[in-house]
Asker: 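Take this structure first; my questions come after.
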Protein chains: 2
Amino acid sequence: MPPENNQIQGEGYLAVRTVIELTRTMDLLEDLLARHLAHFNLSQPKFNALMELYYAGEEGLPLSELGERMLVSRANITGLIDRLQRDGLVVRAVDPKDRRVIRAQLTPRAVQLIHGVLPLHMNLLKQATASLNPEEKETLIRLLTKLQEGLEKL
Amino acid sequence: MPPENNQIQGEGYLAVRTVIELTRTMDLLEDLLARHLAHFNLSQPKFNALMELYYAGEEGLPLSELGERMLVSRANITGLIDRLQRDGLVVRAVDPKDRRVIRAQLTPRAVQLIHGVLPLHMNLLKQATASLNPEEKETLIRLLTKLQEGLEKL
DNA sequence: CGAAAATATTTAATATATTTACAATTAAAG
DNA sequence: CTTTAATTGTAAATATATTAAATATTTTCG
C-alpha cells in the first residue's frame with residue numbers, strides 16, 4: 001500500500017503542482033472573503049446573489065435567471081432566497097407577464113447594506129492581490145484565461 | 001440603485017479581474033474533477049480522504065489528524081467517514097495507545113479502487129492543464145505561490 | 001382548440017460544511 | 001495523586017449544494 005514507486009515525475013509534476021497551487025490559492029482567498037463577509041452576517045453565496053440583484057436593478061431577476069448567473073441549480077436558489085428573505089434583504093414578487101415566474105428583488109435595507117459593504121470589499125480585493133504588481137496580475141489573468149479555454153473543451 | 005457611478009477603475013480593476021478569473025478557473029476545474037470522480041461513485045472530499053489514508057499507510061490516521069490535513073472540521077470528518085464506511089471503503093479502528101482516538105483505515109477494496117482511479121486521475125490533470133506549455137505552468141505556479149504568501153498575511 | 005412539450009418553482013432526499021455543546025479520556029498543575 | 005486543562009469524537013442545528021420528482025403555467029402545433 002505505501003507509495004514506494006508512486007512518485008510523480010516529469011510531465012505530470014507540473015500538472016499536479018498547477019492544480020495544487022490553484023486549490024491552495026482559492027482556499028486562502030475564500031477563507032479571507034468569508035471572514036470579511038461574516039462581519040455583515042453575509043456568506044459568499046448570499047453576497048453573490050445580492051450583487052446580481054443589485055446590478056439587475058429595481059425589477060430584480062427571475063429565480064431561474066439568478067440561478068444561471070450564479071451557476072447553481074434552481075433548487076438551490078429557492079433555499080438561498082428563502083434565507084435572504086428571512087434576513088429581510090430580498091422579497092419575492094410575481095411577474096405580471098408570466099405567472100410561472102417569481103422575481104427576487106432587493107429591499108431598501110439590502111441596498112443600504114451593499115453600499116456599506118462594497119467599498120470595503122473592493123479594498124479587501126486590492127489588499128488580497130497586493131503581493132503581485134500590475135504586470136504580474138496581468139500575466140496571471142492571461143494564464144488563467146488560457147487555462148480556462150482548455151478546461152472548457154473538456 | 002443602478003450602477004451609474006460604480007464602475008471599477010484603475011488599480012481596482014486588475015484586483016477584481018484576478019479574483020474573478022481565479023474563481024472561474026476553479027469552478028471549471030472542480031466541475032471537471034467531480035465529473036471524473038463520479039464515474040467511480042466518488043466525490044472530491046471522499047477522494048481526498050482516501051488519498052490521505054492511502055499515503056498514511058496501514059495504520060491509517062486519527063480522525064482529528066485527517067481533519068487537519070484536509071483543512072475541515074472534526075465534525076465534518078465524522079460524517080465523511082460515516083459515508084465512506086457505509087461505502088465499504090474505510091473502517092474505524094480504536095487506537096491502542098490513546099482510547100480517545102479512533103483511526104480511519106482503508107479496506108482492501110479501497111486500495112483496489114485507488115489503484116484503478118489514480119492513473120486516470122493523473123492523466124486528467126495533464127489534460128486539464130494541457131493548454132499551458134511547461135514554461136507557462138511554471139510561471140503560473142510561481143505567481144500563485146507569491147499570491148498565497150500575500151494572502152497568508154491577511 | 002386541445003394535447004403535448006417546454007419552462008418555473010418547490011419539495012424531498014442526500015452530501016458536504018460549519019459552530020456549539022457534550023461525554024470520555026488524557027495530560028498537566030499543584 | 002487529585003483537581004483542572006486540553007483533546008477527541010460525536011450529535012444537533014444550520015447553510016449550501018445536488019438530483020429527481022411533483023405541480024403549475026405557458027407555448028407550440030397538429
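Within every chain, numbering begins at 1; the chains are lettered A, B, ... in the order of the sequence lines, protein sequences first and strands thereafter. The structure presented is a predicted model; accordingly, all values stated were derived computationally and were not measured.
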Asker: May I have the distance from A/Leu63 (atom CG) to C/dT11 (atom P), rounded to whole angstrom?
Answerer: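 It is 12 Å, rounded to the nearest whole Å.
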Asker: Is B/Leu132 reachable from A/Val16 through a run of hydrophobic residues whose side-chain heavy atoms are each under 4.5 Å from the next?
Answerer: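 They do share one cluster, since a chain of ILVMFWY contacts under 4.5 Å joins A/Val16 to B/Leu132.
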Asker: So what's D/dA5 paired with, Watson-Crick or G-U wobble, going by both distances under 3.5 Å?
Answerer: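 Its partner is none (no Watson-Crick or G-U wobble pair with both distances under 3.5 Å).
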Asker: Rounded to whole angstrom units, what separation is found between the CG atom of B/Asp87 and the P atom of C/dT14?
Answerer: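 Rounded to whole Å, this separation is 14 Å.
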Asker: Whole angstroms only, please: what is the CG-P distance between B/Asp98 and C/dA28?
Answerer: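 So the CG-P distance, B/Asp98 to C/dA28, works out to 12 Å.
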Asker: Rounded to whole Å, please give me the gap between CD1 in B/Ile102 and P in C/dT25.
Answerer: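 So the two atoms are 11 Å apart, to the nearest Å.
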Asker: As a test of understanding, state which of A/Leu42, A/Val117, A/Leu118, A/Val111 forms a side-chain contact (heavy atoms from CB on, under 4.5 Å) with A/Leu50.
Answerer: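 Exactly one option meets the side-chain contact (heavy atoms from CB on, under 4.5 Å) with A/Leu50, and it is A/Leu42.
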Asker: Which of residues 70-77 of chain B have a heavy atom under 4.0 Å from DNA chain D?
Answerer: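 B/Arg74, B/Ala75 - these, ordered by number, are the residues of the stretch whose heavy atoms sit under 4.0 Å from the strand.
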Asker: Side-chain heavy atoms under 4.5 angstrom apart, residues restricted to Ile, Leu, Val, Met, Phe, Trp, Tyr: same cluster for A/Val91 and A/Tyr55?
Answerer: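 As far as the 4.5 Å side-chain criterion goes, A/Tyr55 and A/Val91 are not connected within one cluster.
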Asker: What is the distance from CZ of B/Arg100 to C1' of C/dC22, rounded to the nearest Å?
Answerer: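 Rounding to the nearest Å, CZ of B/Arg100 and C1' of C/dC22 are 15 Å apart.
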Asker: Should the pair B/His121 and B/Phe47 be assigned to parallel (<30°), tilted (30 to 60°) or perpendicular (>60°) ring geometry?
Answerer: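 It falls in the tilted class, 30° to 60°.
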Asker: Before giving the answer on side-chain contact (heavy atoms from CB on, under 4.5 Å), spell out for B/Arg92 and B/Leu63 the whole-Å C-alpha distance, their side-chain angles and the decisive distance to 0.1 Å.
Answerer: CA-CA 9 Å; B/Arg92 278 176 161 90; B/Leu63 299 194; 4.3 Å; yes
Asker: If I compare all heavy atoms of B/Val101 with all of B/Pro62, which pair ends up nearest, and what's the gap?
Answerer: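 What the structure gives for the nearest pair is CG1-CB, 3.7 Å.
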Asker: Just call it for B/Arg103: base, sugar-phosphate, or nothing, with non-hydrogen atoms closer than 4.0 Å on any strand.
Answerer: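 If one applies the 4.0 Å heavy-atom cut-off, B/Arg103 turns out to touch nothing in the nucleic acid.
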Asker: Would you indicate what A/Ser64 reaches in the nucleic acid, counting non-hydrogen atoms under 4.0 angstrom: base, sugar-phosphate, or nothing?
Answerer: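 Sugar-phosphate only.
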Asker: Please work out if B/Ser43 contacts a base, only the sugar-phosphate, or nothing of the nucleic acid, heavy-atom cut-off 4.0 Å.
Answerer: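 Counting heavy atoms under 4.0 Å across all strands, the contact made by B/Ser43 is with sugar-phosphate only.
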Asker: For B/Leu66 and B/Leu80, run side-chain contact (heavy atoms from CB on, under 4.5 Å): C-alpha distance rounded to whole Å, both residues' side-chain angles, the deciding distance at 0.1 Å, then the answer.
Answerer: CA-CA 11 Å; B/Leu66 182 57; B/Leu80 187 55; 5.9 Å; no
Asker: Tell me, please, the opening and closing nucleotides of DNA chain D, 5' to 3', among those with an atom under 4.0 angstrom from a non-hydrogen atom of chain A.
Answerer: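 The contact span of chain A on DNA chain D goes from D/dA15 to D/dT26.
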Asker: Whole angstroms only, please: what is the CG-C1' distance between A/Asp82 and C/dT9?
Answerer: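 Whole-Å distance recorded here is 11 Å.
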Asker: If hydrophobic clusters are built from ILVMFWY residues whose side chains come within less than 4.5 Å, do B/Val94 and B/Ile77 share one?
Answerer: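 B/Val94 does not cluster with B/Ile77.
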Asker: Quick check on D/dA22: syn or anti? Syn means the glycosidic torsion is within 90 degrees of zero.
Answerer: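 Here D/dA22 takes the anti form, which means its glycosidic angle is more than 90° from 0.
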Asker: Is the backbone of B/Lys137 close enough, under 3.5 Å, to the side chain of A/Arg17 for a donor and an acceptor to pair up by distance?
Answerer: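 Checked: no pair found.
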Asker: Does A/Arg92 place a side-chain N or O at less than 4.0 Å from the phosphate oxygens OP1/OP2 of C/dT10?
Answerer: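 Yes, A/Arg92 has a side-chain N/O under 4.0 Å of OP1/OP2 on C/dT10.
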Asker: Do the side chains of A/Leu22 and A/Leu147 get nearer than 4.5 Å, heavy atoms only?
Answerer: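 Result yes, sub-4.5 Å side-chain heavy-atom pair found.
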Asker: Using whole Å, report how far CG of A/Leu80 lies from P of C/dT9.
Answerer: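 Result: 14 Å.
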Asker: Write down the partner of C/dT26 under the Watson-Crick or G-U wobble criteria, each distance required to be under 3.5 Å.
Answerer: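 None - no nucleotide pairs with C/dT26, as no candidate has both distances under 3.5 Å.
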Asker: Need one value for B/Arg86: base, sugar-phosphate or nothing, where a base atom within 4.0 Å counts as base even if backbone is also close, heavy atoms only.
Answerer: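 Here B/Arg86 touches the backbone only, sparing every base.
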Asker: For C/dT26, does OP1 or OP2 lie under 4.0 Å from any side-chain N or O of B/Arg99?
Answerer: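 So the side chain of B/Arg99 is within the cut-off, an N or O lying under 4.0 Å from OP1 or OP2 of C/dT26.
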Asker: Whole Å only: how far is the CD atom of B/Glu68 from the C1' atom of C/dA17?
Answerer: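 Atom-to-atom, B/Glu68 to C/dA17, this comes out as 17 Å.
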